[in-house]
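Down below is the structure, laid out as structure tokens.
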Amino acid sequence: QGHFPLCFLSATLLARMALQALMAPSAATPTRSIAVALPHFRRRLLRRQRSGVGGCAIAALGVMLLTLAVGKAGWQGSSLTGFVAPPCRRSGGVPLRLAPTPPPAATEPPSWGLREALAALAASAVAVASVVVPPVAQARDGTIAPPTCVSIIDSAQNCPARPSKGGTLITEGQLREAQARLDEAEKKAGKKLGLEESQLGEPEMVNFWQAELKRLTFNKEVLGNLRSEILSGSASPLRFPSRLTIWADDVAKEVEFWCEAIGMQRYESLAGGGAVVAFGPPGLTPGEEGAFFGLEIQPSSGRPAQGGAPSRARLSYVSVATPALIRISRVIASGGVLIDGYGYYDIRSPGGIQVRAYIDDRRDPVEFVALAVNEGEDMAAVGKELEAFGLKPSGPYQMVSPVTQSYMPKLPDGNVLYGGGDPKLQAQVLVVPIAKPKQKSFFELLPRGASIVMDDQGRPTVDILEQEDEVTTPISLVQGPPRLTVLFPKGAPAPSPLAADASGAEAATLELSK
């Protein structure tokens, strides 16, 4: 248990040889399609192997025979290339499907040589690995999660900011047009079309706009309730963490990272060269869209002198739940750094802000801002600071999606989640004690074996199967002291100084340590 079975070690080496041989265009066979496409759905296939040697051997034999049979059948008349192709969309939002390649003209199947045999071995190793690790999770409940643009190119053009008002009217018009296109397609087909039954994706577009209409109705209700409580007076216990201010040497590059790699949109351009990005209109201004947590990015050259004693807390990371997978290539292209990418994403922005992301549906994908604090007196002092802001402790953080969060690093004992409202509807603050390094023996430092992994270009390669992750507390490499802004009801007791917010609420800012 917990160790890499011996049978996979040899299969991995054969798979590496096979996949390298299969990169040649002449090897575009059905077996190649299986061997190369299956890793697309696994990040690190064998990093945390839990199968036994006996079960592995049986599975390997069965998958080997199945792969050989499928490969032979593929040559007899039907291509499997279309079968393994992942779905894609063009910029207009209409789903595209990759059509299967026409069957080969030859009536006699070619002989199987070394290349084909290696392809079968590679497919077997990859397929068996796929059986014994959790499948890639999928989300995107369009009635809850906003239409984020994760891993997009040229976000300003292809994924502009959504307006706070008028979204329902626009969506109703889009739904009517989508329904008209579906009616026309069904008329030509002579039947009702279900999902994936039309090459132009008319049923999918109707579903999308129907879900978006429900999401806007839901979000409008949430925003209305938040505004009602915040603006009702001091009796309301609600507090709304609304913004994190960070400093960056290159504001444009930082904006590009958060928009094109993480999926936010740019909502404000600030005096002095700053910008505000979020997953939807930030703040509590009235409308159908709003109440999203904003990230204010300011140029480090304009950072003011620190006033007063800062909090003992430091910025650890920002937790994000996205309904779509983040592409490593976009993280790197936008100046980010990949720290880990198996089952979740641990990445760092160009400005040094660490992000932990996983797959799930949230009204606002920003789940919480994690603060790193020394154990003991500092934890108690930071807790009192947050309670002075009206944020109440609710105990240690509990995973909200055990499937998609199962491979995330364990949090140190003693962490406490603070919030001022429903954690499913708004961002929270997590206080994490700084974990002390654990002394390990020589054998505990040794790797466990080899595994197949995907590099930043999506190519399979062999890597080392490391030991279980140690409990650590990440610290963001910030350019200056970050600031956390919380909105208060008018007249509520709050730390000074207070500032007026555009929504009519009062805002207080907690300055963190660098």
Check your understanding: Glu204 side chain to Glu196 main-chain N or O, any donor-acceptor pair under 3.5 Å?
Key -> yes

Exercise for review: Look only at the side chain of Ser476 and the backbone of Ser316, and say whether a donor-acceptor pair between them is shorter than 3.5 Å.
Suggested key: yes

Point to revise | Heavy-atom side-chain proximity of Phe208 to Leu175 below 4.5 angstrom | key: no

Practice item. Compare all side-chain heavy atoms of Pro409 with those of Thr472 and state whether any distance is below 4.5 angstrom. Key: no

Check your understanding: Can you name the side chain to side chain contact (heavy atoms under 4.5 Å, CB included) partners of Pro350, sequence neighbours left out?
Key -> Lys253, Glu254, Phe257

Exercise for review: Look only at the side chain of Glu229 and the backbone of Arg227, and say whether a donor-acceptor pair between them is shorter than 3.5 Å.
Suggested key: no

Review point. Distance-only, no hydrogens or angles: does the Trp247 side chain make a donor-acceptor pair with backbone N or O of Pro482 under 3.5 Å?
Key: no

Point to revise | Geometric cation-pi criterion Arg363 and Phe292, 6.0 Å radius, 45° cone | key: yes

Study note, to complete from the structure: Nearest heavy-atom contact between Glu197 and Lys192 is OE1-O, 3.7 Å

Check your understanding: Given Leu430, which of Leu371, Val369, Leu411 fulfils the side chain to side chain contact (heavy atoms under 4.5 Å, CB included) condition?
Key -> Leu411

Check your understanding: Any side-chain heavy-atom pair from Leu213 and Glu172 closer than 4.5 angstrom?
Key -> yes

Revision key, fill the gap. Which of Pro160, Ser164, Pro282 passes side chain to side chain contact (heavy atoms under 4.5 Å, CB included) with Tyr267? Answer is Pro282

Exercise for review: State, yes or no, whether a side-chain contact exists between Phe389 and Pro241 at a heavy-atom distance under 4.5 Å.
Suggested key: no

Review point. Between Arg348 and Gln354, is there a donor-acceptor pair closer than 3.5 Å when you use the side chain of the first and the backbone of the second?
Key: no

Exercise for review: For side chain to side chain contact (heavy atoms under 4.5 Å, CB included), just list the numbers for Tyr344 and Ser406, CA-CA rounded to whole Å, side-chain angles, deciding distance to a tenth of an Å, and then say yes or no.
Suggested key: CA-CA 9 Å; Tyr344 80 108; Ser406 59; over 6 Å; no

**Study point:** Under 3.5 Å donor-acceptor, Thr473 side chain and Ala435 backbone
**Key:** yes

Practice item. Please collect all salt bridge (Lys or Arg N to Asp or Glu O under 4.0 Å) contacts where either partner lies in residues 275-299, sequence neighbours excluded, each pair once. Key: Arg162-Glu289, Arg215-Glu289, Arg243-Glu296

Point to revise | Min side-chain heavy-atom separation Val432-Val373 under 4.5 Å | key: no

Check your understanding: With no hydrogens and no angle check, is any side-chain donor or acceptor of Ser242 less than 3.5 Å from a backbone partner on Gly283?
Key -> no

I'd like a table of donor-acceptor pairs (distance under 3.5 Å, sequence neighbours excluded) in which one partner is a side-chain atom from residues 393-401, with atom names and distances.
from	atom 1	to	atom 2	distance (Å)
Ser394	OG	Leu417	O	3.2
Tyr397	OH	Glu367	OE1	3.4
Tyr397	OH	Glu367	OE2	2.6
Tyr397	OH	Gln405	NE2	3.0
Ser401	OG	Thr404	OG1	2.6

Check your understanding: Are side-chain heavy atoms of Ile347 and Val337 found at a separation under 4.5 Å?
Key -> no

Point to revise | Where Leu223 and Gly287 come nearest, the two heavy atoms and their spacing | key: CD2-O, 3.3 Å

Exercise for review: Quick one: do Leu484 and Val429 satisfy side chain to side chain contact (heavy atoms under 4.5 Å, CB included)? Show the steps, please.
Suggested key: CA-CA 10 Å; Leu484 179 66; Val429 178; 3.7 Å; yes

Check your understanding: Any side-chain heavy atom of Phe279 sitting closer than 4.5 Å to one from Val366?
Key -> yes

Check your understanding: Any side-chain heavy-atom pair from Leu510 and Val486 closer than 4.5 angstrom?
Key -> no

Exercise for review: Work out which heavy atom in Pro203 is nearest to a heavy atom in Gly194; give both atom names and the distance.
Suggested key: CG-O, 3.4 Å

Review point. Would a distance-only check, ignoring hydrogens and angles, find a side-chain to backbone donor-acceptor pair under 3.5 Å from Asn225 to Val222?
Key: no

Review point. Does Asp361 use its side chain to pair, donor to acceptor, with the backbone of Gly142 at less than 3.5 Å?
Key: no

**Study point:** Identified salt bridge (charged side-chain N to carboxylate O under 4.0 Å, His left out) partner of Glu260 from the options Arg266, Arg330, Arg327
**Key:** Arg330

Practice item. Measure the NZ-NZ distance between Lys220 and Lys165 for me, rounded to the nearest 0.5 Å. Key: 10.0 Å

Check your understanding: Is the backbone N or O of Pro146 less than 3.5 Å from a side-chain atom of Glu212, with the two atoms forming a donor-acceptor pair by type?
Key -> no

